[in-house]
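Let me begin by presenting the structure, written as structure tokens, before commenting on it.
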Amino acid sequence: MKFKRNNDETDVFGSQEMRQPAPQEFIPKHKTPAEIAYQIVKDETFPQTQPRLNLATFVTTYMDDYGTRLMNEAIGINYIDETEYPRVAVMCGRCINMVANMWHSPEEAEWKTGAVGIGSSEACMLGGVAAWLRWRERRKAEGKPYDKPNLVMSTAYQVVWEKFCQLWQIEMRTVPVTVEHPTLDIKAAIDMCDENTICIVPIEGVTWTGMNDDVEALDAALDKYNKETGYNIPIHVDAASGGFILPFLNPGKKWDFRLKWVYSISTSGHKYGLVYPGLGWVVWRDKKYLPKDMSFSVNYLGANITQVGLNFSRPAAQILGQYYNFIHLGMEGYRAIHENSMDVAGYCHREIGNMPCFKNYSEKLENPLFIWYLDPGYDKTAKWTLFDLQDELMKKGWMVPAYTMPKNIEDMVVMRVVVRQGMSRDMADMLIQDIKDSVAVLEKLEYPTQSRIAYEKSEKQKGKVYTH
Ligand SMILES: *Cc1c(COP(=O)(O)O)cnc(C)c1O
């Protein structure tokens, strides 16, 4: 059968493009009508998981209509064009002020010292670079060598810290998280410090487990250590999730600038700050902790702009989204939304803990996310692993990730749920039912799955024998 060429009346799905592969290697020579091009691009993402069923991500997948509208209307604004859009710079400064004050900044200046980033990754990099440069200045002033900087944190670090250490050639010293020490072991962390330690990085909202490192205890131990040694090792808190959770759900807990050695904190505005990606914030305790080498004065389009950041151009829309959320939600609104997330997460945590095949990693929920693993007794005779459960749930549209834990407990397979704005109790009920149905399917298996066979092979090599 011969198809007709397109003409003015051709429907999108009657067009010749819809029976050809989409362009892949070269920019097409000829034009494609806008509505057909739109359909091709749109359909490319059509079979993907619905963002709100993606329980793997920490990043915002729901904003209300006004927030979405503001961001869409600002989609063409480049944040760096301060001369053209001076009010964006003002809004950004106000957001930094609000974030800094939420974290009890002691800085008295009208504009607190901080910076916007694409996410926590950029914010962590900036916090890390500042710590490194401060250490280097101090070493130089003392006439001591400054070629072997190191940084101390737990093995449950987020990958950005590995990037930071590799890019800036800083030795990464990691304290193992273990079943006995599921968060940063403070004594071990202090034992790893020396005169070359640029900072210790505790995490609030550990990506791997959902738990919080004890920054208050770390601060106390570090204060003692710094007094004894004469060092000045500070803390950078990676509060990618916790920075926007603790101030609302646990305002009495000291983890921020209320603690003496916390010199900088980073967070993701696009996680529990409830803005679409990408947005991060970093705040310093005071201007004096932001090394001068990090501020770049650029003469750009006739104005002198001082900029702290790794990027130059970046979208401004997220800043509008953040400022809108601060005004619209207020402390009260953020608290209500996060309380609901905690509530729904707590419900899932209980339901999963009650299933005989599962065991929760921690009894208590500190953040609206948690991990669990196969009950060790059940695991001995199971013909499946959590990777199989992940696949089963994927068939029902959910993305619930299974993964192995970091070094030292890497033979442990866990599964994680991150609850965010947009996950209701009703959706949680659907999820729990789908988990139960999937387990029922897996329990009917006659033979072990491929993933089970691989898992047992690796277990046997370690001398642990499981039998069916
Ligand atoms: C998500 C996360 C990061 C990286 O943040 P992005 O906003 O994705 O760049 C860093 N640290 C922790 C603890 C995180 O959870």
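Ligands are counted one by one from 1 in listed order, and the atoms in each one are counted from 1 as well. All values below were derived from every heavy atom in this structure, side-chain atoms included, with hydrogens, water molecules and symmetry-related copies excluded.
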>> Can you tell me which portion of Ser268 lies within the under-4.0 Å heavy-atom range of ligand 1? Options are side chain, backbone, both, or neither.
In response: side chain

> In terms of residue, atom name and distance, what is the protein heavy atom nearest to atom 5 (O) of ligand 1?
Replying inline: Ser120 CB, 3.0 Å

> What atoms of ligand 1 come within less than 4.0 Å of a heavy atom belonging to Thr207?
Replying inline: 12 (C), 13 (C), 14 (C), 15 (O)

>> Checking Tyr289 against Arg134: is there a side-chain donor and acceptor pair closer than 3.5 Å?
In response: no

> Taking atom types as modelled and ignoring hydrogens, do the side chains of Asp379 and Tyr455 form a donor-acceptor contact shorter than 3.5 angstrom?
Replying inline: yes

> Are side-chain N/O atoms of Asn212 and Trp255 paired as donor and acceptor at under 3.5 Å?
Replying inline: no

> Under 4.0 Å from ligand 1, counting heavy atoms only, is it the side chain of His270, its backbone, both or neither?
Replying inline: side chain

> Backbone, side chain, both or neither: what part of Ala240 comes under 4.0 angstrom of ligand 1, heavy atoms only?
Replying inline: side chain

>> Within ligand 1, which atoms have a heavy atom of Lys271 less than 4.0 Å away?
In response: 1 (C), 2 (C), 3 (C), 5 (O), 14 (C), 15 (O)

> Judged by modelled atom types alone, do Trp261 and Asp223 share a side-chain donor-acceptor pair under 3.5 Å?
Replying inline: yes

> Which atoms of ligand 1 sit under 4.0 Å from any heavy atom of Gln158?
Replying inline: 2 (C), 3 (C), 4 (C), 10 (C), 11 (N), 12 (C), 14 (C)

>> Could you check, using the six-membered ring where one of them is a Trp, whether His104 and Phe257 have ring centers closer than 6.0 angstrom?
In response: no

> What protein heavy atom sits nearest atom 9 (O) of ligand 1, and how far away is it?
Replying inline: Ser121 OG, 2.5 Å

>> Please verify the inter-ring angle class for Tyr324 with Tyr66; under 30° counts as parallel, over 60° as perpendicular, anything in between as tilted.
In response: tilted

> Would Tyr231 and Asn196 count as having a side-chain donor-acceptor pair, cut-off 3.5 Å?
Replying inline: no

> Does a donor on one side chain and an acceptor on the other come within less than 3.5 Å for His236 and Ser264?
Replying inline: yes

> For ligand 1, which atoms sit closer than 4.0 Å to a heavy atom of Ile203?
Replying inline: 13 (C)

> How far is atom 11 (N) of ligand 1 from its nearest protein heavy atom, and which residue and atom name does that atom have?
Replying inline: Asp238 OD2, 2.7 Å

> Taking only heavy atoms of Gly119, which atoms of ligand 1 are found under 4.0 Å from at least one of them?
Replying inline: 7 (O), 9 (O)

